[in-house]
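Following: one structure in structure tokens, then a few remarks.
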Protein chains: 2
Amino acid sequence: MVTKNALARTAFDAIADPTRRAILDHLRRGEVGAGDLARRFPVSRPAIAKHVRVLRQAGLLKERRQAQQRFYSLNPAGLAEVDRWLQPYRLFWGARLVDLKTFVENTDAEK
Amino acid sequence: MVTKNALARTAFDAIADPTRRAILDHLRRGEVGAGDLARRFPVSRPAIAKHVRVLRQAGLLKERRQAQQRFYSLNPAGLAEVDRWLQPYRLFWGARLVDLKTFVENTDAEK
DNA sequence: AATGTATTTAACCATATGGTTACAAAAAAC
DNA sequence: GTTTTTTGTAACCATATGGTTAAATACATT
């Protein structure tokens with residue numbers, strides 16, 4: 001097998017792990033310090049640090065530093081990659097999702 | 001590390017691999033036989049068979065057998081798991097997606 | 001029954017992954 | 001300037017992953 005570049009992370013890689021999804025889910029509530037974050041999970045702090053790194057490499061997290069502390073928050077654009085990939089599949093399970101903005105604009109134009 | 005049940009696959013696991021995403025992308029065009037499918041990718045047939053197994057375990061594929069041949073097609077419901085997880089994140093990147101059916105029903109009700 | 005055709009499974013290999021504990025780094029506080 | 005606080009990195013380990021080639025399975029054809 002050819003050696004893979006461990007730095008090239010996609011959002012798909014990042015969300016494959018349940019702990020990383022849980023980290024993201026938690027960050028929806030807002031910015032969280034590294035210590036607080038690690039305390040919420042039943043694994044060691046280094047394990048969380050590694051997950052955070054993967055999430056950052058995938059562009060899913062923003063980091064803010066203040067003294068020794070580091071605060072993490074969601075990077076809005078990150079998961080859009082997954083959303084875009086998913087788009088054509090929505091047809092298949094009947095999810096009637098549309099862009100509301102476009103819908104409203106078109107509706108207005110027809111008046 | 002605790003031994004993980006290799007049979008418990010989620011859609012998140014399944015779509016983490018780029019080859020598996022490519023298989024799904026290809027199946028959007030319709031049902032494809034195992035042989036045809038394998039021929040489209042630059043890896044061996046057994047490799048594709050293993051990817052297909054992962055996709056099936058995640059509930060993303062349907063299988064139809066006819067003689068020795070096996071035909072695979074998308075299982076509509078499979079990716080909805082990912083879509084549901086993604087839902088609350090849409091707020092963050094400003095995707096103005098709504099359920100059209102619900103939108104229309106509510107709009108009608110207000111008349 | 002023997003052979004051919006289509007496909008998965010088995011066994012194996014190298015690398016990736018996710019966890020741990022021990023160590024390093026960086027800033028604050030004393 | 002030493003110590004404490006907060007955090008990441010290094011080294012290591014066991015298991016998972018994705019690939020290969022060889023063998024097994026299942027059905028059709030002769």
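We name chains A, B, ... by the order of the sequence lines, and we start the count at 1 in each one.
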- Item | Distance, rounded to the nearest Å, where A:Glu63 contributes CD and D:dG8 contributes P | 7 Å

Report all interatomic pairs (protein N or O, nucleotide N or O of nucleotides 20-26 of chain D) with separations under 3.5 Å.
from   : atom 1 : to      : atom 2 : distance (Å)
D:dT20 : OP2    : B:Ser44 : N      : 2.9
D:dT20 : OP2    : B:Ser44 : OG     : 2.5

- What's the CZ-P distance between B:Arg53 and D:dG19, to the nearest Å? 14 Å

- Item | Distance, rounded to the nearest Å, where B:Gln69 contributes CD and D:dA28 contributes C1' | 11 Å

- Figure out the CD/C1' separation between A:Gln66 and D:dT7, and round it to whole Å. 14 Å

- B:Arg9 has its side chain closest, among D:dG19, D:dT17, D:dG8, to D:dT17

- Any side-chain heavy atom of B:Leu55 within less than 4.5 Å of one from B:Leu27? no

- Task: Take atom CG of A:Leu61 and atom P of D:dG8, then tell me their distance rounded to the nearest Å.
- Result: 11 Å

- Message: Check the phosphate of C:dT17 against A:His51, side-chain N and O only, distance under 4.0 Å to OP1 or OP2. Yes or no?
- Response: no

- Message: Tell me whether A:Asp83 is salt-bridged to A:Arg90, with the criterion being a basic N under 4.0 Å from an acidic carboxylate O.
- Response: yes

- Query: Under 4.5 Å between any side-chain heavy atoms of B:Ile23 and B:Val32, yes or no?
  - Reply: no

- By side-chain contact (heavy atoms from CB on, under 4.5 Å), A:Ala11 pairs with (sequence neighbours left out) A:Leu60, A:Glu81, A:Val82

- Item | By side-chain contact (heavy atoms from CB on, under 4.5 Å) - contacts of B:Pro18 (at least two apart) | B:Arg21

- Item | Whole angstrom value for the distance that separates P of C:dT15 from CG of B:Asp17 | 18 Å

- Query: Under 4.0 angstrom, heavy atoms only, what part of the nucleic acid is A:Phe41 near: base, sugar-phosphate, or nothing?
  - Reply: nothing

- Excluding sequence neighbours, so at least two apart, what forms ring pair (Phe, Tyr, Trp, His ring centres under 6.0 Å) with A:Tyr72? none

- Query: Hey, are the side chains of B:Leu74 and B:Lys62 touching, using non-hydrogen atoms and a 4.5 Å cut-off?
  - Reply: no

- OP1 or OP2 of D:dG8 less than 4.0 angstrom from a side-chain nitrogen or oxygen of A:Tyr72, does that happen here? yes

- With B:Glu31 via side-chain contact (heavy atoms from CB on, under 4.5 Å) - residues at least two apart: B:Arg64, B:Phe71, B:Ser73

- Message: Between P on C:dT9 and CD on B:Gln57, what's the gap in Å once rounded to a whole number?
- Response: 10 Å

- Query: Between D:dT6 atom C1' and A:Arg65 atom CZ, what is the distance in whole Å?
  - Reply: 12 Å

- Query: Counting only non-hydrogen atoms, which of residues 19-30 of chain A are less than 4.0 Å from DNA chain D?
  - Reply: none

- Task: Run the numbers on B:Lys50 and B:Asp17 for salt bridge (charged side-chain N to carboxylate O under 4.0 Å, His left out), then give the verdict.
- Result: CA-CA 12 Å; B:Lys50 291 212 290 189; B:Asp17 182 86; over 6 Å; no

